[in-house]
A.B. asks: 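Please find one structure pasted underneath; my questions will follow.
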Amino acid sequence: MEQYFSATQKMEQEVMFPSLLRGVFPQRGGTLAPGGHTDLYERYQLLKAIKPMVEKGLASVGDQNASGPNAETPSDDDDTMDAQLEERLSHHLAGLQQVLSHLTRDTNALTRRYSQILEQISPSEGQPSW
């Protein structure tokens with residue numbers, strides 16, 4: 001989770017001119033997988049839109065946990081249901097981890113590609129121009 005937020009924060013800090021990503025498509029050999037006809041600008045917009053939803057989702061999970069445990073005494077049926085819920089939760093968390101890993105890879109690849117574009121635009125950065 002921290003890697004995802006770190007990657008999106010880095011992307012937001014480095015990508016100063018998102019319009020440079022228009023018409024640039026993911027590299028087939030790179031980390032970004034081909035996603036139909038979406039260019040990196042559309043992916044950038046999508047990744048930026050997803051971040052607040054992930055943050056909001058985490059906040060709502062925190063709110064639900066803060067509501068406190070149920071005061072009823074557990075029975076055998078409750079134990080069985082708890083085990084099933086735990087299994088389902090584990091399955092969903094594994095899926096969430098997989099999605100966040102994919103989003104992190106896409107975000108890092110987009111940021112790297114943006115840096116490459118900037119280097120192509122001004123390859124002599126850091127060298128005197130005289």
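Reckoned from all heavy atoms, side chains included, excluding hydrogens, waters and symmetry mates. In this chain, numbering begins with 1 at the start of the sequence shown.
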A.B. asks: Measure the CG-NE2 distance between L85 and H92 for me, rounded to the nearest 0.5 Å.
C.D. replies: 10.0 Å
A.B. asks: Within a strict 4.5 Å, meaning less than it, do heavy atoms of the I50 and Y4 side chains meet?
C.D. replies: yes
A.B. asks: Which distance, rounded to the nearest 0.5 Å, do you find between the OG1 of T104 and the CD of Q97?
C.D. replies: 8.0 Å
A.B. asks: At their closest point, which heavy atom of P26 faces which heavy atom of T38, and how far apart are they?
C.D. replies: CD-O, 3.8 Å
A.B. asks: State whether a side-chain donor-acceptor pair under 3.5 Å links H91 with R88.
C.D. replies: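 No, no side-chain donor-acceptor pair sits under 3.5 Å.
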A.B. asks: Quick one: do T8 and V54 satisfy side-chain contact (heavy atoms from CB on, under 4.5 Å)? Show the steps, please.
C.D. replies: CA-CA 11 Å; T8 54; V54 171; over 6 Å; no
A.B. asks: Going from CD on Q84 to CE on M81, what distance comes out if it is rounded to the nearest 0.5 angstrom?
C.D. replies: 7.0 Å
A.B. asks: How close do Y44 and L110 get, heavy atom to heavy atom, and via which atoms?
C.D. replies: N-CD1, 3.7 Å
A.B. asks: With rounding to the nearest 0.5 Å, note down the distance linking NZ in K10 to CD in Q13.
C.D. replies: 9.5 Å
A.B. asks: Is atom CD of E14 surrounded by more than 12 heavy atoms (other residues, nucleotides or ligands) closer than 6.0 Å?
C.D. replies: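 Enclosed.
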A.B. asks: Determine the minimum heavy-atom distance between Y114 and F17, stating which atoms define it.
C.D. replies: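 Between these two residues, the closest heavy atoms are OH-N, 3.0 Å.
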A.B. asks: About how many Å separate CG of L103 and NZ of K51, when rounded to the nearest 0.5 Å?
C.D. replies: 12.5 Å
A.B. asks: Indicate if M1 and L47 have the same hydrophobic cluster label, given that clusters are the connected sets of ILVMFWY residues with side-chain heavy-atom separations under 4.5 angstrom.
C.D. replies: yes
A.B. asks: What's the separation between atom CG in L40 and atom CG in L46, rounded to the nearest 0.5 Å?
C.D. replies: 12.0 Å
A.B. asks: Taking all non-hydrogen atoms of both residues, which atom of V15 and which atom of L21 are closest, and how far apart?
C.D. replies: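 Nearest pair, atom of V15 first, then L21: CG1-CD1, 4.1 Å.
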